Each structure stands twice: as C-alpha cells, then as structure tokens.
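Below, chain A is the first sequence line, B the second, and so on; all start at residue 1. Bear in mind the structure is a predicted one, so any value in this text is a computation, not a measurement.
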Amino acid sequence: MITMSDVFENVMELAKRRGFIWPTSECYGAVAGFIDYGPLGAMMKRRIENIWRDFYVIREGYYEIECPTIAQEAVFIASGHVAGFADKMCQCPHCREFLRADHVAEGGGVKNASTMGNQDLATALATCKCLACEEVLGNVEVFGFNLMFKTSIGPDTKRVGYLRPETAQGMFVDFSRLLRFYRDKLPFGAVQIGKSYRNEISPRQGMIRLREFTQAEAEIFVHPDEKNRHPTFHRYADYRMPLLTYGQQQKCEEAVSLSMREAVDKGVIANEYLAYYVALTHELLVSIGIKPERLRFRQHLPDERAHYATDCWDAEILSDRFGWIETVGLADRTNYDLNAHAKESGTPMTVFIQYAEPKKVQRRRIIPNMGVLGKQYRNKAKAIFEALGNSTPTADGADVVVDGEKIHIPADLFEVRDEVVDIRGEDIVPHVIEPSYGIDRMCYAVLEQAYDEDEADGEKRTVMRFSPKVAPVQVAVFPLMTRDGLDTIADEITRKLHKAGILAEYDDSGAIGRRYRRQDEIGTPFAVTVDYDTKENNTVTLRDRDSMKQVRIAIDKLPETIGALVEGSVTFASLQ
RNA sequence: GCGCCGAUAGUGUAGUGGUUAUCACUAGGCGUUGCCAACGCCUAAACCCGGGUUCGAGUCCCGGUCGGCGCACCA
C-alpha cells in the first residue's frame with residue numbers, strides 16, 4: 001500500500017516524467033509561480049475545460065466570450081483592483097522581513113490603520129514592533145504592493161495597462177453588448193475561460209498557487225428580486241451535499257449534509273441562484289473524477305469575503321498534501337461591479353424591466369415658452385429652463401436662482417401641466433452570481449486523486465485512474481506481434497478510431513505487458529489488442545484499465561463502443 | 001521576503017578534494033516473445049547557474065535560481 005504523504009511526490013514525479021506538468025523554461029532555470037503543461041497535461045486540461053463548457057455553455061446556455069488579458073487602467077480602477085488589490089507593505093530594517101504595514105500598526109495599537117495614507121502609516125509605525133524579530137521598527141517606508149502585473153500600452157509609456165487578475169471584468173465591461181445580444185432580457189450569463197495573472201509575493205505549492213493561472217468564470221446577471229426564483233431550481237432541489245456554514249466553522253462543527261431546497265429555506269445559502277450553482281459545481285467536479293467524499297462546500301467568514309461579495313461559498317477539495325484546497329468560488333457579487341463600471345465609464349449599465357401593468361403616475365410638468373424666454377434671457381435661458389423644472393410656481397409666476405441671481409419668471413412665460421402618465425417599467429441594475437473555477441487546481445486534484453498503485457501478478461502497478469472523460473489518451477492499440485500483418489491491422493484500426501474523433505495511440509514496442517503498463521501509467525482507460533484470431537474473424541480484445549479484464553469485440557463496433565465508453569453512456573462491465 | 005534543508009542521465013539514486021562519475025529503472029535499435037513491466041546483445045543520457053579557495057572542486061566557501069518545510073503573504 002502507498003502511504004498518504006507519498007502521493008504528492010509520486011504523482012508530481014510521474015507528471016513530470018510522462019509529460020503532464022513541467023517546470024517552465026527549465027533550460028534557463030524555472031520561475032516560481034509558473035508551470036508548463038506538457039502534451040498529456042495540456043490534453044487533460046483541455047478535456048476538463050470542455051466538460052466545463054458542456055455544463056455552462058451548452059447546458060446553461062451562457063455563451064463564451066474572449067477578452068484581452070491586458071486591460072487599460074480605468075477597468076481596474078473601477079473594479080477596485082488598483083486600490084484594493086494592493087497591500088501596504090513595509091520592510092523591517094533589522095531582519096529585512098516584508099510585513100503588511102496595516103497589520104503591524106494594528107498590532108501596535110494604531111486604530112484604523114487600513115485607511116491611513118502611506119506617510120501617516122509610516123509615522124505611526126515608528127514605535128511599533130516587527131512581527132518577526134520584535135525589534136522596534138523606527139524609520140520605515142510604507143509602499144503599496146499591487147498583486148497586478150503592470151505594463152504599458154504602446155510605445156510611449158503613458159498609457160498604463162494591467163494583466164487581468166480575473167477574467168470577470170471582461171464580462172462586466174461588455175455588459176451593454178451582452179444585454180443587447182441576449183435581447184434585453186434577464187436572466188442571462190456569459191462565461192470566459194482564460195488566463196489570469198496575480199503577482200504573488202511568494203508562490204509555493206507547485207500548481208496550487210500560480211502567478212499565471214487559468215480561470216473559468218461565469219457571470220450570471222439576474223434581477224435582484226428574482227434571485228430566489230431560479231427557473232430550473234427543481235433540478236437541484238433534492239441534490240444533497242455537505243455544507244459548512246461560517247457559524248459551524250466558528251463553533252468548530254462538522255459540515256452538515258443538506259439538500260439545496262433545505263439550504264435555501266433555512267437561509268444557509270443566500271438564494272436559489274447561488275444554491276443552484278453550488279449544486280451544479282458539485283456535479284461538475286464529480287463528473288471530472290473528484291470523489292464526493294473529498295469534496296465540501298464552505299461558506300466564507302464575513303471578514304474573508306472580497307470587497308464586492310455578500311454571500312460566498314468555496315468548493316474545497318481534500319488533498320493529501322495540502323488539506324482542503326479552495327478550487328471554486330461561488331459569490332453573489334450583487335450590483336457592485338456594474339455600478340462601479342457605470343460610474344467610472346459614464347455608461348449606464350441597467351436593464352429596462354417592463355411592468356405587467358403600466359403604473360399611472362400623477363406628474364406635474366412645467367413647459368416654458370422658449371421662444372420668448374430665449375430672446376429675453378439669451379445665454380441664461382438654458383439654465384432657467386432647467387431651474388424652472390424644479391421650481392414651485394405660484395399664480396404669480398416662479399422664482400428661480402441662476403448663478404446666484406434670483407430671477408422672477410412671470411406666469412405667462414410658462415405653462416404648468418398636471419397630467420397622469422403611464423410608467424411602463426423601470427431601469428434596474430442586475431445582480432451578478434459568479435461561479436469562478438480554478439482550472440489548474442482542478443487539474444491537480446484530478447491528478448492526485450487518479451494516482452493509484454496496485455498489484456498485478458505480484459508486481460507493483462502504477463495506474464492513473466482518470467475518468468475516461470478526462471484521460472488524455474482514450475485508447476491504445478497494440479498488435480500482439482509485430483509480424484504476420486498484425487501491425488498493419490492495428491495501424492488501420494488506429495486510423496479508423498482517429499476518424500471517429502477518438503485519440504488512439506498505436507504502440508508496438510516491447511512485450512505486450514509492458515505496453516499495457518505504459519498506458520496504465522498515463523491513465524489510458526482502454527486498450528485494443530490485435531491477435532491471431534483477428535485475422536480469422538475480425539475481432540480484437542478490448543481491455544479495461546481498472547479491472548485489467550478483456551472482452552472480444554468486432555472491429556466494426558470499436559469506434560462506437562469506445563466512444564460510448566469514453567462518454568460514460570456504457571460501462572465496461574456491461575460489455576462482459 | 002526571512003530561517004532551516006536540498007539540487008548528480010528522462011526518473012530515482014551512489015559518490016572520503018585526486019582514474020573514464022555508481023547503480024537501477026526508463027527510453028531507442030536489433031533479435032526473441034501467442035495477452036499483462038520476460039530475456040539477450042547494442043546504444044543514448046547527468047554533476048542547477050555564477051563567482052571564490054585549491055596544483056586539482058560533483059565534493060569546501062559565497063551569491064543567485066528552483067524545490068521542500070516553518071514564518072510571513074495569499075482581494
């Protein structure tokens with residue numbers, strides 16, 4: 001048996017050796033926080049991303065968009081990342097440790113340290129003690145460390161750009177276009193799978209904390225009053241999973257298994273939309289091969305939430321090495337982002353919601369006679385026009401103040417109309433439900449959980465037990481012997497499978513057992529062997545990776561059968 | 001960034017300042033092989049980078065990079 005602590009080392013060694021994960025640009029020395037996906041890793045990652053697309057794009061109907069990974073400064077000023085994504089840091093002059101300046105100050109009894117300017121904070125820090133060496137800091141400089149990579153756009157360096165720290169902003173800045181695309185109706189969503197960048201101070205833990213990573217994010221725009229009316233909530237109403245609320249965390253209690261219906265009714269999850277995507281996330285993670293017993297959903301503690309979110313849940317996967325890894329974040333971002341971009345850009349980001357019945361509203365309109373007013377007041381006429389609209393006229397006329405000057409407008413220069421008008425609807429700012437997946441962490445979890453060692457004929461066998469859906473190579477094709485035409489037949493079968501869109505790998509090198517083991521190690525779920533019976537009756541053996549059992553099957557049936565096995569609509573056991 | 005530890009073929013490793021740098025597995029070639037890492041012969045393949053000490057450095061010293069652990073950081 002393998003011990004738990006070995007898994008990480010074994011799986012990363014295998015991943016490196018067999019071409020899943022490599023240190024980046026190794027010939028120049030690797031760089032922390034960056035990795036290369038090798039041939040099999042890239043294939044597996046693509047398969048995981050495509051399963052994600054099945055769920056969000058095909059099933060949910062949220063189209064994928066693709067925005068640049070660099071955006072101009074205004075985008076991140078609006079999003080709050082320029083100000084909020086930066087930590088105020090200082091360096092201890094004694095032990096040279098980098099410290100969070102506000103943490104040190106608060107530890108030293110300074111109030112409101114997080115809202116102080118750099119200068120004030122530096123002054124306040126002079127008497128505080130270093131958290132590491134406990135020396136009094138004295139004269140220190142406070143500087144902002146922003147986790148965003150900064151760059152410049154164009155040859156002059158005036159125009160600042162940032163590498164995006166999340167893909168989400170792309171969906172927000174495209175809101176008006178998306179709204180039009182979805183024909184002005186809520187709810188709708190857009191998704192993006194792509195790279196994001198965070199200049200982590202000290203990334204570690206291999207592929208768990210990267211400076212460049214792949215996110216798959218969905219932004220679902222909903223009417224704020226409809227968050228408890230997800231149209232297909234019934235799909236997941238009875239779906240159960242362990243939920244760890246912040247109340248339970250504070251009391252150090254275990255997660256409790258609840259159905260989504262119960263979770264919403266008891267107020268454990270804020271609304272139906274959030275609960276729906278919590279459940280969908282669970283189903284998605286299980287379908288890529290995450291074991292349900294290693295999966296839980298944990299609610300963020302109030303002080304852990306991002307600046308924009310109200311309720312927030314993390315899907316966490318239990319790793320032998322790293323404990324519970326935050327892999328998916330599910331947040332109710334409310335209308336924070338759309339409001340912020342509307343304000344910063346001056347573009348309204350609202351949806352017009354038509355009422356079922358128009359509302360009758362009593363309204364007073366003041367209509368000036370501009371023909372006369374214009375001639376009489378010239379360049380002040382426009383200001384007077386605007387002021388009149390807000391005035392309370394009497395029978396005598398109206399008094400308005402323009403540029404500090406009080407002007408009396410006689411009653412015959414305007415008309416007061418009291419009327420009842422139909423209000424047909426209102427402009428609202430949608431709320432955003434955001435499931436945000438860390439694809440690299442999903443890849444790591446899949447690798448770690450797939451790794452297994454068992455015994456075959458008294459020998460240790462290393463096998464990656466990938467779900468056939470994510471296995472990079474889907475089937476291996478072997479001639480039993482490299483002669484008598486068996487290799488030719490195997491080659492033809494390989495090409496036939498390729499034509500059916502199946503990734504088949506031909507191998508005739510070495511003993512048959514060795515070839516099986518090679519494929520076991522990269523997690524290929526099925527293997528086809530061409531033997532002497534093949535020449536008699538056009539059948540081959542089909543071997544299952546996990547059970548190592550074989551069935552005979554007609555060559556004609558191969559593409560269809562393997563396709564079904566990979567997709568999961570047929571099990572190997574049912575073929576026996 | 002700090003402290004401690006480490007870095008040698010594709011992988012895992014041995015290596016007292018002094019031969020052609022050890023071994024296993026893997027990989028490639030040829031032969032053999034009738035379904036689970038068989039066998040024979042052959043081949044390829046490494047001292048992280050930069051300084052220093054020394055007649056001589058994989059080995060000792062310093063700095064860097066990467067990795068592990070602890071601290072700090074992780075909207």
Side-chain angles (χ1 to χ4, degrees), chain A residues 5 8-10 12-19 22-35 38 76 79-87 89-92 94-101 103-104 114 130-133 145-148 165-166 168 198-206 208-211 300 303-309 312 321 326 329 331 455-463 476 478-484 486 508-521 527-534 540-545 547-550 552:
Chain A
S5 58
F8 171 77
E9 273 154 33
N10 291 344
M12 290 319 286
E13 183 269 308
L14 186 151
K16 204 196 283 181
R17 187 161 43 81
R18 300 309 302 266
W22 291 326
T24 193
S25 61
E26 236 181 331
C27 65
Y28 292 105
V31 186
F34 297 91
I35 54 162
F76 299 117
S79 70
H81 286 98
V82 169
F85 215 53
D87 294 330
M89 309 276 294
C90 64
Q91 189 176 23
C92 171
H94 312 291
C95 68
R96 302 187 59 208
E97 179 92 76
F98 281 94
L99 306 156
R100 277 282 295 267
H103 288 187
V104 179
S114 55
C130 171
L131 296 175
C133 69
F145 179 79
N146 196 290
L147 256 47
M148 284 193 293
E166 59 176 13
R198 293 177 195 182
N199 200 2
E200 300 282 356
I201 295 165
S202 169
R204 285 245 199 107
Q205 305 168 321
I208 301 301
R209 246 176 94 208
L210 294 169
R211 289 182 166 132
H300 274 202
D303 62 355
E304 193 182 356
R305 283 184 208 140
H307 54 276
Y308 45 74
C312 187
R321 179 62 161 220
E326 170 194 341
E455 257 189 31
D457 296 323
E459 298 251 24
K460 189 184 98 169
R461 179 176 80 128
T462 303
V463 50
F478 308 140
L480 186 60
M481 293 294 140
T482 322
R483 61 170 191 234
D484 303 324
L486 297 187
D508 62 12
S509 149
I512 188 80
R514 175 178 295 276
R515 286 179 259 161
Y516 284 138
R517 296 304 162 78
R518 267 204 283 260
Q519 295 296 334
D520 288 341
E521 207 181 35
V528 166
T529 300
V530 175
D531 57 21
Y532 285 92
D533 290 350
T534 307
V540 291
T541 63
L542 180 63
R543 178 250 196 194
D544 174 51
R545 174 196 68 203
S547 63
M548 299 198 286
K549 294 206 170 114
Q550 291 175 299
R552 280 210 86 82

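Using atom C1' as the reference point in both B:G29 and B:C66, the two lie 36 Å apart (nearest Å). A distance of about 14 Å separates the C1' atoms of B:U13 and B:U26, rounded to the whole Å. B:A9 sits 12 Å from B:C23 when the C1' atoms are compared, rounded to a whole Å. The separation of B:U19 from B:G56, taken at their P atoms, amounts to 15 Å, rounded to a whole angstrom. Atom name C1', nucleotides B:C49 and B:A57: the rounded distance is 16 Å, in whole Å. B:G52 and B:U59 have their P atoms separated by 14 Å, with the value rounded to a whole Å. Remark: the separation of the P atoms in B:G12 and B:C5 is 22 Å, to the nearest Å. The separation of B:A44 from B:C30, taken at their C1' atoms, amounts to 15 Å, rounded to a whole angstrom.
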**Asked** For every nucleotide of nucleotides 42-48 of chain B, 5' to 3': is a protein heavy atom under 4.0 Å from its base (B), only from its sugar-phosphate (S), or from neither (-)?
**Response** -------
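Listed by chain and number, the residues in a salt bridge (charged side-chain N to carboxylate O under 4.0 Å, His left out) with A:Asp533 are A:Arg552 (sequence neighbours excluded). Residues that satisfy the side-chain hydrogen bond (donor to acceptor under 3.5 Å, both in side chains) test with A:Gln205, not counting sequence neighbours, are absent from this structure. Residues satisfying the salt bridge (charged side-chain N to carboxylate O under 4.0 Å, His left out) criterion with A:Arg545, sequence neighbours excluded, are absent altogether. Taking the side-chain hydrogen bond (donor to acceptor under 3.5 Å, both in side chains) definition, one finds that A:Ser202 meets it with nothing, sequence neighbours left out. Under the side-chain hydrogen bond (donor to acceptor under 3.5 Å, both in side chains) criterion, A:Thr462 pairs with no residue, sequence neighbours left out. Evaluation of the salt bridge (charged side-chain N to carboxylate O under 4.0 Å, His left out) rule for A:Arg198 yields no partner, not counting sequence neighbours. A search for salt bridge (charged side-chain N to carboxylate O under 4.0 Å, His left out) contacts involving A:Arg17 returns A:Glu13, A:Glu521, not counting sequence neighbours.
The minimum heavy-atom distance linking A:Leu210 with A:Phe34 is given by the pair CD2-N, 4.2 Å. Across every non-hydrogen atom of A:Ala527 and A:Tyr516, the tightest pair is CB-CE2, 3.8 Å. The two residues A:Ala456 and A:Met548 make their nearest non-hydrogen contact at CB-CE, 3.5 Å.
The CE-C1' distance, from A:Met481 to B:G31, rounds to 13 Å in whole Å. We find that CD1 of A:Ile208 is positioned 17 Å from C1' of B:C73, with the value rounded to whole Å. One can place CG of A:Asp484 at 12 Å from P of B:U32, the figure rounded to the nearest angstrom. Taking atom CD of residue A:Glu200 and atom P of nucleotide B:A72, one finds them 16 Å apart after rounding to whole Å. Protein atom CZ of A:Arg543 is 6 Å distant from nucleotide atom C1' of B:C36, rounded to whole Å. Taking atom CG of A:Asp531 as the reference point, atom P of B:G34 lies 12 Å away to the nearest angstrom. For the pair A:Gln519 CD and B:C35 C1', the computed distance is 15 Å after rounding to whole Å.
To the nearest 0.5 Å, atoms OG1 (A:Thr529) and CG (A:Leu486) are separated by 10.5 Å. Separation of atoms CZ (A:Arg543) and CD1 (A:Ile512) is listed at 9.5 Å; rounding is to 0.5 Å.
A donor N or O paired with an acceptor N or O is found under 3.5 Å between the base of B:C35 and the side-chain atoms of A:Tyr516. A donor and an acceptor atom never sit less than 3.5 Å apart when one is taken from the side chain of A:Ser202 and the other from the base of B:C73.
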**Canonical and wobble pairing (Watson-Crick, G-U, under 3.5 Å) of RNA chain B, dot-bracket with |** = (((((((..(((.....[....))).(((((.......)))))....(((((..]....))))))))))))....
Protein-nucleotides 5-13 of chain B N/O pairs under 3.5 Å:
from  : atom 1 : to      : atom 2 : distance (Å)
B:U11 : O2'    : A:Glu13 : OE2    : 2.6

Which protein N or O atoms sit under 3.5 Å from an N or O of nucleotides 37-40 of chain B?
from  : atom 1 : to       : atom 2 : distance (Å)
B:A37 : N7     : A:Lys460 : O      : 3.4
B:A37 : N7     : A:Arg517 : NH1    : 3.3
B:A38 : OP1    : A:Arg514 : NH2    : 3.1

For nucleotides 66-70 of chain B, which of its nitrogen or oxygen atoms have a protein nitrogen or oxygen under 3.5 Å away, and what is each distance?
from  : atom 1 : to       : atom 2 : distance (Å)
B:C66 : OP1    : A:Ala32  : N      : 3.3
B:G68 : O3'    : A:Arg321 : NH2    : 3.1
B:C69 : OP1    : A:Arg321 : NE     : 3.4
B:C69 : N4     : A:Arg204 : NH2    : 2.9
B:G70 : O6     : A:Arg204 : NH2    : 2.4

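The shortest side-chain heavy-atom distance between A:Phe76 and A:Pro165 falls under the 4.5 Å cut-off.
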**Worked verdict on A:Arg518 versus A:Ser509 for side-chain contact (heavy atoms from CB on, under 4.5 Å)** = CA-CA 11 Å; A:Arg518 267 204 283 260; A:Ser509 149; 3.5 Å; yes
**Request:** Give the C-alpha distance, both sets of side-chain angles, the deciding distance and a yes or no for side-chain contact (heavy atoms from CB on, under 4.5 Å) between A:Val540 and A:Thr534.
**Result:** CA-CA 6 Å; A:Val540 291; A:Thr534 307; 3.9 Å; yes
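Under a 4.0 Å N-O distance rule, the pair A:Glu455/A:Arg461 does not qualify as a salt bridge. A salt bridge is defined here as a Lys NZ or Arg NE, NH1 or NH2 lying under 4.0 Å from an Asp or Glu carboxylate O, and A:Arg517 with A:Glu459 fails to meet this definition.
For A:Ser509 and B:G28, the shortest distance from a side-chain N or O to OP1 or OP2 is below 4.0 Å.
A cation-pi arrangement is found for A:Arg515 relative to A:Phe478, the charged atom lying closer than 6.0 Å to the ring centre and inside a 45° cone about the ring normal.
Closest to the A:Arg209 side chain, of the nucleotides B:G1, B:C73, B:G34, is B:C73.
Comparing A:Asp520 and A:Gly510 by the nucleotide of RNA chain B that holds the closest heavy atom to each, the one mapping nearer the 5' end is A:Gly510.
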